[in-house]
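Letters A, B, ... mirror the listed sequences (proteins, then strands); counts begin at 1. From a predicted model like this one, the values you see are computed outputs, not experimental measurements.
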Amino acid sequence: MKPGLQRTFPRWAWPALGLGGLTLWFLLIAWPLYQQLSAQQQQAEALQTRIEQGVAARASLSLLRSQVAQLQIEAGAFEQQVPPLERLPALVSQLGRIAQQHSISLQQLGRSVERDSSAGVATTRIAVVARGKLNQVYAFWRDLLAQGRYLNLDRPILQLAGEGRLEVRFQLLAYSLPK
Amino acid sequence: MKGTLLLDLGPNELVLAQRKGEQIEVLQQVSPGWRSYNGRNLRELLAPLRRPGVAGSRVVVGLAHPPVELRCETLASQIPEREATRAILDRLQVGPESQQRSSKVALKNLGGSREAMIARVDDQLLQALVHELNPLGFEVVAFRPRSLGWWKALSGEALWLHLEPGAGHLVGIVRGQVVHFEGIPDAVEASLGFSLGRSYLQPDHPLTPRGEAWNPIRRHAALQEPLAQLQQRAQGLGQSLESRFGLPPAQLFFTGGPAYWPEARLLLGLGTWEIATPGLPGLEVSPLLLAQHTHLAGLCLENPLEWPAEGARNPLLRGHRGWRRVAGPGLLVSLLLATAGLSWQRYRQQQQLLLLEAQWQQLIPFVMEQEQLTRQQAGFKKTLEVRDQLYAQRIDWPYTLAQLLARIPTTGIRISTLQLGPGSRQPDLNFDGKSPRLLLEMAGVANSRRDLEGLLSRLDYPPRYAVSLHHSQLQSSSTRWDFTLSVAQLQESR
């Protein structure tokens, strides 16, 4: 460098140039690189978490498969017992057939509009008034409930009807799975 | 300039002088010179500066250009801790004949060029000077006559005097022209060859005698013509010097010019005078003492104010601007290293990301299957929850009816109405804080009060059942009792 140039170049220019270069380096190179590093670090951590979940999933798959298979069997058995549809005609026909088998005279059948509190299933309520002897009523109810778990009795009322017979009022509940 | 001091660092003696008007006053003279420089002699030399009345602002230092082996010796004496330098020092002790070979070996061992070696010695000398003089308020200005750049800088404005009594010659720059004054006529030839062949000219300069460092340069055939031309110019210079200062004409020798110094735009002149200096043997001519007895000093120091104020910027003083020399490259290297480090880290992270991504891709099917199975599991569990809830509500009414009827006595009690249902139909009933699960409401007639009590005792069979008698009344004109009662089955009983 020529001495003349040295003379006109202020001393503070060197630190200023250094500081400016350092600032430019930081803004243009270091900070973007640091940002990229941070983003990559976050991606790596997220991927690591996913991989750990994946490894855990792979390890638990066999047990989960067996559990689901068992649940599927149980749920399938239940769904087989509980018809998917209301099937009201078949229900009435079934009710009449069982009553006839036990010499129970059906006096009145009516569909109740009362809301049912059972969650997850659709319920068909049929109000039944029938007459018969106590042992006949007992056998009638037993056969009715033996048809399946989708049938149930509710609010049975027994009253003397003369001649050793009972007037029985109850509601027949028929469950079906909603679509 | 008030307080301008001259410092001559000769190989045999160190001289500190102060200009007073047209004269130079020697303040201190120390022998030996930098041949045996050890720091103490330098401090002794500079001792007058600590006295009152000598304070100034500038010390002018003339750096000699002795043979490189002497420089090596100086270097070795200053940094004896270096093994290589010790080796140089040892070899330099064996004698003048082997010094050249030793110095070459030493230079080779030190791994530096001759120029770099001399610069290092100069730097160390100057650093020592600055270290001593700066606290006293002096600015150190140094010149190295080998530096053509300095000659350029001084051209036309600077006046400079440099003397080398140890080498037997004297070199000066007068208004941009270099003048070599020789005080020993018998040694002129050797001194010329010494100066030109070994110091002034670069090893690869076409005028440098190859392999003949001590060959008198003026005998070189290629130099005859330029020497003659320059001799004429120097004669003119000598005449002008004589006319101005009254110096007697002397034999002049010219050793170069613009055509032979490609870097320099100076007219170089070499002159030799026989100088009659009373009491001073020729070989011991000191530049400052010489200046005391001649008018040359007045010429050379005619206008020191015109000297470039380059003390702090002198390249030879870069050791004191080391932070600047180191800071720039150091900062640059640091930034490059930091950038490289960050880039490398980013590259490593990218590779790691790719690896993790590949691992994740392999695991995706398992995760998807797990999610699917989990959804199926939730669906099945919901279905089974419905089932369990449904089954929990289911009451085996025939069995319950048979159990209750079995508790009713076959005699003495006539049941008119029997109603069964969940206990929730009468939530006001409370049996010891437990809500009933099954409620049997019964109405009938007992033949006697004893029969009614018997019915109650048979039905009330805790903890499975709890009986609540709502109403009992004796019929008129009869012993029969009408009654209504409730039977509750507690929650935990089933």
Of the listed B:Leu332, B:Leu355, B:Leu356, the one with the largest count of heavy-atom pairs under 4.5 Å with chain A is B:Leu356
If one checks every heavy atom of A:Leu166 against chain B at 4.5 Å, the contacting part turns out to be neither
Discussion item. B:Arg387 vs A:Glu79, test: salt bridge (charged side-chain N to carboxylate O under 4.0 Å, His left out). Steps then yes/no.
Written reply: CA-CA 9 Å; B:Arg387 179 198 67 178; A:Glu79 288 172 355; over 6 Å; no
Comparing A:Leu22, A:Leu33, A:Leu37 against chain B, the one with the most heavy-atom pairs below 4.5 Å turns out to be A:Leu37
Output for pair (B:Asp388 CG, A:Phe78 CZ), nearest 0.5 Å, gives 8.5 Å
Check: Is the number of heavy atoms from other residues, nucleotides or ligands under 6.0 Å of A:Arg165 CZ greater than 12?
Finding: yes
Exercise. Quick one: are B:Ser416 and A:Gln159 in side-chain contact, heavy atoms under 4.5 Å?
Worked result: no
Turns out that what part of A:Val55 lies under 4.5 Å from chain B's heavy atoms comes down to both
### Message
Looking at A:Gln100, I want to see if its CD is surrounded by more than 12 non-hydrogen atoms of other residues, nucleotides or ligands under 6.0 Å.
### Response
no
Rounded to the nearest 0.5 Å, the CD atom of A:Gln53 sits from the CH2 atom of B:Trp360 at a distance of 7.0 Å
The interface call for B:Ile415 against chain A, heavy-atom contacts under 4.5 Å, is backbone
d(A:Gln43 CD, B:Gln352 CD) to nearest 0.5 Å is 11.5 Å
Here the pair of heavy atoms bringing B:Ala338 nearest to A:Trp25 is CB-CZ2, 3.5 Å
Interatomic distance, CD@A:Gln41 vs CD@B:Gln345, rounded to 0.5 Å, equals 8.5 Å
Honestly, the part of B:Glu385 sitting under 4.5 Å from a heavy atom of chain A is neither
Next on the checklist: Quick check: do B:Leu363 and A:Ile51 have side-chain heavy atoms less than 4.5 Å from each other?
Outcome noted: yes
Okay, B:Leu384 and chain A: the region with an atom under 4.5 Å from a heavy atom over there is side chain
*Can you list the steps and then say if A:Tyr175 with B:Val386 is a side-chain contact (heavy atoms from CB on, under 4.5 Å)?*
CA-CA 11 Å; A:Tyr175 302 113; B:Val386 171; over 6 Å; no
Honestly, the part of A:Leu47 sitting under 4.5 Å from a heavy atom of chain B is side chain
Does any part of the side chain of A:Tyr138, heavy atoms only, come nearer than 4.5 Å to the side chain of B:Leu405, both counted from C-beta?
no
If you tally heavy-atom pairs under 4.5 Å between each of B:Glu357, B:Lys381, B:Met442 and chain A, the highest tally belongs to B:Glu357
Derivation and outcome, side-chain hydrogen bond (donor to acceptor under 3.5 Å, both in side chains), residues A:Gln72 and B:Gln376:
CA-CA 8 Å; A:Gln72 187 176 13; B:Gln376 292 180 355; over 6 Å; no
Per-residue tally against chain A (heavy atom, under 4.5 Å) across B:Thr383, B:Leu335, B:Leu373, B:Leu342 peaks at B:Leu335
Honestly, the part of B:Glu371 sitting under 4.5 Å from a heavy atom of chain A is neither
**Message:** Do B:Glu369 and A:Arg65 have side chains that approach each other closer than 4.5 Å (heavy atoms only, starting at C-beta)?
**Reply:** yes
Cut-off 4.5 Å, heavy atoms of chain B, and the answer for A:Gln67 is side chain
Whatever's closer than 4.5 Å to a heavy atom in chain A on B:Leu331 counts as side chain
Turns out that what part of B:Ser334 lies under 4.5 Å from chain A's heavy atoms comes down to neither
Shortest non-hydrogen pair, B:Pro398 vs A:Leu145, comes out as CD-CD1, 3.6 Å
